[in-house]
Engineer: 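Could you have a look at this structure, given as structure tokens, before my questions?
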Amino acid sequence: MYQFPHFKAVALALSLAVSGAYAQDTIKIGYSGPLSGGAALYGKSVLNGMQMAAAEISAAPVEIGGKRYKVEIVALDDKYNPSETGINLQRLVQQHQTAAVLVPHSGGVFAAQAANEKLKVLLLAYTSLPAATERGNKLTVRIPPDFTTYISPFIKAAMSKYGKNVALAQADHDYAKAWSAAFKPAWEAAGGKVVADNPMSYNKAADFYSGVSRVIQAKPDVLFIGGASEPTALVAKQARELGFKGAFIVLDQAKLDEMAKITGGYSTLEGAVGVMPMSGDDRPDAIAFTTRYRKLNEGKDPSSEVALNYTAVHATIAAMKLAGTVSDATAIRAQMDQAFRKLPGQYNPASVEGLDAKGGSIVNAIVASVENGKLKGQLLRSSAAGQ
């Protein structure tokens, strides 16, 4: 059937108008972290949190600068290798035009900082090492709190109830070394004594009896342990089997709830002091987030990595909206503090209150202790002064 050219033109114009009204651009946020190898579970937890946030934002697209956007996470595996992180950063920026890149390990963060300012990309650093924001990099945001904020309350909780002699049996990787270097003088300053120091390779062994036996011979009241959750749990379990009856100070890389699954419950971890698991946080926003996450993940509990990196993605998009740009990393970085501060509680289950002057997060974390086989929490207000 013949159609007049005029009608064709009108139909085409209407079609373009309708498609334009609903067209969405894509904001790409990059991820470079371990998705294979021994740290894959950790890396996938970080990525799960990011993807959960991206899905929520894309379900009700955000408007920035007059355009509507959905969010996509572009994930590359760096196998926990900093040299791979550096290569991935280049790929994410140059091939995928990512607006920001999240890296969840300190070695990778430092490798990325060698290039992110030159590439003009915002680096979202998931590491508790304060050095990440003390190196003067103007396009870095540190997502978790400075780990040194945990040391004093951990020491107070363990020393007051169990005694002043501590033995160190932590992992031997760089993050655990940083924890140990800060912990030892703090313990001694509090009037305690380090009676043994025997770091172990948590990633290369599953039998820690000889190493644990060596430190227990020094008759400590407290064992300082920590690395990934599974081997940390094995260290605690084997210490109990060797007759240790004291407390554990657990560095924040290990998660008490994940450890309890290995030890067969919290009774083995009696006296342990660590960071409260997200599933044990009884603040309303944390409870609501845990409930949503369980529904999406077959009843699994979210880790702190899931929660904090979920919030980091929401805050990054909020900062873009405040800055009115999805590409100017300097302008976006300038709005990150306000973005965290103004973020609705449903998107901020870990209660990040903002950023300090150097770009480190201010978080009201909860210190957890295991008492009578159950978790007991104490709110720790993070200092604005700056894993």
Side-chain angles (χ1 to χ4, degrees), residues 105-107 109-110 125 127-136 142 144-202 208 211-212 214-228 231-232 235-236 239 244 246-254 256 271-276 356-358 360-370 378-387:
H105 53 103
S106 57
V109 167
F110 298 144
T127 173
S128 299
L129 289 180
T133 49
E134 291 177 350
R135 295 154 62 99
R142 192 189 73 240
D146 174 354
F147 78 88
T148 62
T149 61
Y150 297 124
I151 292 177
S152 179
F154 281 15
I155 289 174
K156 183 178 180 180
M159 188 182 288
S160 64
K161 293 184 178 181
Y162 284 85
K164 295 187 176 183
N165 291 332
V166 67
L168 279 61
Q170 77 286 357
D172 61 359
H173 58 278
D174 287 346
Y175 184 62
K177 289 177 182 176
W179 246 98
S180 176
F183 175 82
K184 285 191 287 187
W187 181 269
E188 292 169 343
K193 181 180 180 181
V194 177
V195 296
D197 187 353
N198 184 49
M200 297 179 285
S201 181
Y202 280 31
F208 302 99
V212 173
R214 191 174 299 120
V215 297
I216 286 179
Q217 288 175 11
K219 298 182 179 179
D221 304 306
V222 179
L223 278 184
F224 174 79
I225 62 176
T232 304
V235 169
F244 177 67
F248 299 104
I249 288 181
V250 183
L251 66 82
D252 62 329
Q253 184 179 4
L256 293 174
V273 182
V275 177
M276 177 65 77
D356 62 29
K358 295 179 180 179
S361 65
I362 303 169
V363 180
N364 287 331
I366 299 178
V367 173
S369 57
V370 179
Q378 177 184 356
L379 186 64
L380 170 63
R381 292 204 168 270
S382 177
S383 167
Q387 143 228 252

Engineer: For a 4.5 angstrom cut-off between non-hydrogen side-chain atoms, does H173 reach H105?
Structural biologist: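 They are not in contact (no side-chain heavy atoms under 4.5 Å apart), so the answer is no.
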
Engineer: Would you check if F147 and L129 make a side-chain contact, meaning some heavy-atom pair closer than 4.5 Å?
Structural biologist: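 Sidechains of L129 and F147: in contact.
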
Engineer: Quick check: closest heavy atoms across P145 and S361, and the distance to 0.1 Å?
Structural biologist: N-OG, 3.3 Å

Engineer: State, with a plain yes or no, whether a side-chain heavy atom of V275 is found less than 4.5 Å away from one of F154.
Structural biologist: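 SC-SC contact between V275 and F154 confirmed.
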
Engineer: Let me see the working for V235 and F248 under side-chain contact (heavy atoms from CB on, under 4.5 Å), right down to the final yes or no.
Structural biologist: CA-CA 10 Å; V235 169; F248 299 104; 6.0 Å; no

Engineer: Pair V215, L168 - check side-chain contact (heavy atoms from CB on, under 4.5 Å), show working.
Structural biologist: CA-CA 7 Å; V215 297; L168 279 61; over 6 Å; no

Engineer: Take M200 and R214 through the side-chain contact (heavy atoms from CB on, under 4.5 Å) test and state the conclusion after the steps.
Structural biologist: CA-CA 11 Å; M200 297 179 285; R214 191 174 299 120; over 6 Å; no

Engineer: Quick check: closest heavy atoms across A228 and T232, and the distance to 0.1 Å?
Structural biologist: O-OG1, 2.6 Å

Engineer: When you measure from the side chain of R142 to the backbone N and O of P144, does any donor-acceptor pair fall under 3.5 Å?
Structural biologist: yes

Engineer: Do you know the tightest heavy-atom contact between T127 and A132?
Structural biologist: CG2-CB, 3.7 Å

Engineer: Can you see which heavy atom on G271 is nearest to which on A247, and at what distance?
Structural biologist: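 Taking every non-hydrogen atom into account, O-CB, 3.3 Å.
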
Engineer: Would you name the heavy atoms of T133 and G360 that are closest together and state the gap between them?
Structural biologist: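 Reported closest heavy-atom pair: CG2-N, 3.9 Å.
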
Engineer: I'd like to know if the side chain of N198 reaches the main chain of A169, judged simply by a donor and an acceptor atom lying under 3.5 Å from each other, with no hydrogens or angles considered.
Structural biologist: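 Not confirmed, N198 side chain does not pair with A169 backbone.
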
Engineer: How would you list all residue pairs meeting salt bridge (charged side-chain N to carboxylate O under 4.0 Å, His left out) that involve residues 149-161, not counting sequence neighbours?
Structural biologist: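 Qualifying pairs, neighbours excluded: K161-E371.
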
Engineer: Quick check: closest heavy atoms across I225 and A236, and the distance to 0.1 Å?
Structural biologist: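 So the minimum-distance heavy-atom pair works out to CD1-CB, 4.0 Å.
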
Engineer: Going through the distances and angles, do I249 and V166 end up as a side-chain contact (heavy atoms from CB on, under 4.5 Å)?
Structural biologist: CA-CA 9 Å; I249 288 181; V166 67; 5.6 Å; no

Engineer: Under 3.5 Å, sequence neighbours excluded: what are the donor-acceptor pairs made by side chains of residues 176-189?
Structural biologist:
{"residue": "W179", "atom": "NE1", "partner": "Y175", "partner atom": "OH", "Å": "3.3"}
{"residue": "W179", "atom": "NE1", "partner": "D252", "partner atom": "OD1", "Å": "2.8"}
{"residue": "K184", "atom": "NZ", "partner": "D197", "partner atom": "OD2", "Å": "3.0"}
{"residue": "W187", "atom": "NE1", "partner": "K164", "partner atom": "O", "Å": "2.9"}
{"residue": "W187", "atom": "NE1", "partner": "K193", "partner atom": "O", "Å": "3.4"}

Engineer: Can you tell me how far apart CD1 (I362) and CG (D146) are? Round to the nearest 0.5 Å.
Structural biologist: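 Separation between the atoms: 11.5 Å.
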
